[in-house]
There are 2 protein chains.
Amino acid sequence: MPKPPTIHDIAKAANVSPSTVSRVLTGSTPVTPDKRAAVLAAIDALKFKPNLVARGLARGQSMAIGVLTQSMSSLFFGELAQGIDSHLRGGAYHPVYATGQWQLDEEIEALHLLLERQVDGLIILSGGMPDNAIRAVAAQMPVIVVTRSIPGLEAQCLPTENYQGAYQATRYLIELGHRRIAHITGLLTIPDAVERYNGYCQALRDAGLEIDESLIAEGAFTEESGVQAADVLLQRGVAMTAIFAGNDQMAYGARLTLYRHGVQVPDDMSLMGFDNLSSSAYATPPLTTVRQYMYEAGVAAAEGILRLLSDQAPNLPSFAPDLVIRASTAPPR
Amino acid sequence: MPKPPTIHDIAKAANVSPSTVSRVLTGSTPVTPDKRAAVLAAIDALKFKPNLVARGLARGQSMAIGVLTQSMSSLFFGELAQGIDSHLRGGAYHPVYATGQWQLDEEIEALHLLLERQVDGLIILSGGMPDNAIRAVAAQMPVIVVTRSIPGLEAQCLPTENYQGAYQATRYLIELGHRRIAHITGLLTIPDAVERYNGYCQALRDAGLEIDESLIAEGAFTEESGVQAADVLLQRGVAMTAIFAGNDQMAYGARLTLYRHGVQVPDDMSLMGFDNLSSSAYATPPLTTVRQYMYEAGVAAAEGILRLLSDQAPNLPSFAPDLVIRASTAPPR
DNA sequence: TTGTAGGCGTTATCAT
DNA sequence: ATGATAACGCCTACAA
């Protein structure tokens, strides 16, 4: 295979110096129209493509924005990534993804890879990186953190309003008339899960309802854990008319358990999620849930990074959670 | 912000030449233990990280494998990507993703970006790139194409057995006793959709059943198109006892339409998908579908690229489709 | 406006 | 085994 042409090749072909070629490529300096035309002609005659690696070295910037995410096959992270992707599209910067697979060691490795690749900025989506590590990186380069709130780095964080969202969700069920409301928590080692749990508890208290431990089961954010948690709830044999799951995926799992046991949703049991994954609109019945604005968060994060890269304040918005009312909830009968 | 240390810095700190530092970094040449130790010490004293951009320029390879995909928030592509990701993990090569968003122009742009970034190999996931364009790239560098079959490039393609899978699916429904089987096709401008449609038709014919145009509705692979196609079928008022959708997503959509119309699945209507998205196991009821081995295909593609990169035959496997029988199908009543 | 001459951080080829 | 030295492809002062 012949080696791809370089600016020297097209310089020769166009009878100009390499610097002139570079100039028409970058537009940094005016170039005489005829020379410019010659260069352009040579460029597509030889099918020249600039080598971004070399350019990155020379310029000291890669035009890449690292996105530290957890998995390529997660709708949660996928919608965030899609937001980032679409906002960056057409611009000068491009996203480069690295996944942590929900494992700290892999996440650290992924971060290192991104840094070694000389990304110009970093968007961190959730994950378990220690606050200190994130602060350390943020001292070196523009960083935006989504779905977390790092003390001392608030301006660059786009946290999730877990507490507020869970409070609203629970309150909604209460207002429908439910009194025995179960909760399937997320992994309680993760702040989001705890905050949502707290929101659930507070909403109950504010309504003068007791918090009944037997109505609470711990999950792990996965569908399968939702299946199991719902099984636990059902087997306890305690009365309940609604289940509020810590995220949509666990709600799907719980839904499956209910289906297997012949429990009708929403007639026998209301079901509520958290996240508003795109697929929740197509669940059976469509899932009532807490909207998380993940796509929008991705867009905002991308915009924030671009602002940081141009030395402006990141100016991150905050998304107040709201409910997406669908057919999986109804008054108790 | 202080500039990150280079090998020169640690060379100075360790009283050796830059080349020696490079040697301990790459392990290309033996280095005296004490000098080696000094270098290593300096490396983590100064928190040195090799600059992969510079290394890429010098070595003439980026150690990156481009993955041309369509969307970051698609389970279909996500599971493929996850397979690639996991197989590459820990190895010398890393994936770099670029998305086409199902638009040819963006896909071409994405491909160019990958090439300009000097990826050492390319995995193309589905998409609409003209065969010629793919062949042209394949002439320049290792390429694996998943979910498509490019004439003249068969050894590097990992196609989907659409025809066979659809045939099996339809045959399964027939064997259950169904006679009036509807089909929601994918976008018929895409070969996969046509092949699945053909498989459906042939299975009917082989069973001595007529192909009834009024049982066929065209979709576009999306949930929403499934909703609409199912609506069309229902509104035609023709008798049917089963629906075979061209993919899982359209099956979800169809499921929603059936739900809205109070049609029970599988009691009143059997429903079948194609792809076996991970979420299909948690649908209500769990969806019977054609297993597509997307994760495995991703793994195989990654392995194929690595083999090509080391000048071996790609040696791609072929996955015979099989059925994943779940509760959304039953004999007609 | 244009060309020449470094330099970006690393690797690889030479000698030593 | 080790250290200069010359690339890698592009960019950017600096000169002209």
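None of these values were measured; they are calculated from a predicted model. Naming convention: chains lettered A, B, ... in sequence-line order (proteins, then strands); numbering from 1 in each chain.
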**Message:** Does D/dC11 have OP1 or OP2 under 4.0 Å away from a side-chain N or O of A/Arg55?
**Reply:** yes
**Request:** Could you tell me whether A/Thr20 contacts a base, only the sugar-phosphate backbone, or nothing, with contacts defined as non-hydrogen atoms closer than 4.0 Å?
**Result:** sugar-phosphate
**Request:** Quick one: label A/Thr26 by what it contacts on the DNA or RNA (base, sugar-phosphate, nothing), any heavy atom closer than 4.0 Å.
**Result:** sugar-phosphate
**Request:** Check every strand shown and say whether B/Ser19 touches a base, only sugar-phosphate, or nothing at a heavy-atom separation below 4.0 Å.
**Result:** base
**Request:** Classify the ring geometry between B/Tyr97 and A/Tyr97 as parallel (under 30°), tilted (30 to 60°) or perpendicular (over 60°).
**Result:** perpendicular
**Complete:** Assert: residue with more 5' nearest nucleotide on DNA chain D, out of A/Arg23 and A/Ala58, is A/Ala58
**Item:** Under-4.0 Å salt bridge between A/Asp192 and A/Arg148
**Value:** no
**Request:** Take the protein atom CZ of A/Arg117 and the nucleotide atom C1' of C/dT10, then report the distance between them rounded to whole Å.
**Result:** 15 Å
**Complete:** Between CD of A/Gln118 and C1' of C/dC8 the distance, given in whole Å, is 11 Å
**Asked** So does A/Ser17 get a side-chain nitrogen or oxygen closer than 4.0 Å to the phosphate oxygens (OP1/OP2) of C/dG3?
**Response** yes
**Minimum-distance nucleotide (side-chain atoms of A/Pro30 versus C/dT1, C/dT2, D/dC11)** = C/dT1
**Request:** Identify which nucleotide among D/dT2, C/dT2, D/dG9 has an atom closest to any side-chain atom of A/Val31, counting heavy atoms from C-beta outward.
**Result:** C/dT2
**Rounded distance (Å) that lies between atom C1' of C/dG6 and atom NE2 of A/His8** = 12 Å
**Atom pair distance, as rounded to whole Å: NZ in B/Lys12 and P in D/dA4** = 12 Å
**Request:** Give one of base, sugar-phosphate or nothing for B/Val21, where a contact means two heavy atoms less than 4.0 Å apart.
**Result:** nothing
**Prompt:** Rounded to the nearest Å, what distance is computed from the CD atom of residue B/Glu116 to the P atom of nucleotide D/dC8?
**Reply:** 20 Å
**Prompt:** Crowded around B/Arg89 CZ? As in, over 12 foreign heavy atoms under 6.0 Å?
**Reply:** yes
**Under-4.0 Å side-chain N/O to phosphate OP1/OP2 contact, B/Thr32 with D/dT2** = yes
**Message:** What contact category does B/Pro50 fall into here, base, sugar-phosphate, or nothing, at under 4.0 angstrom with non-hydrogen atoms?
**Reply:** sugar-phosphate
**Asked** Between D/dG3 atom C1' and B/Ile7 atom CD1, what is the distance in whole Å?
**Response** 13 Å
**Prompt:** Has the side chain of B/Ser74 got a donor or acceptor atom that lies under 3.5 Å from a matching backbone atom of B/Gln70?
**Reply:** no
**Asked** Contact class for A/Val53 (heavy atom, under 4.0 Å): base, sugar-phosphate, or nothing?
**Response** nothing
**Request:** Please report, rounded to the nearest Å, how far the P atom of D/dC8 is from the CG atom of B/Asn51.
**Result:** 18 Å
**Message:** Taking A/Gly152's backbone N and O only, do any of them form a donor-acceptor pair with A/Glu154's side chain (distance below 3.5 Å, no angle check)?
**Reply:** yes
**Message:** Expressed as a whole number of angstroms, how long is the span from B/Gln61:CD to C/dA12:P?
**Reply:** 9 Å
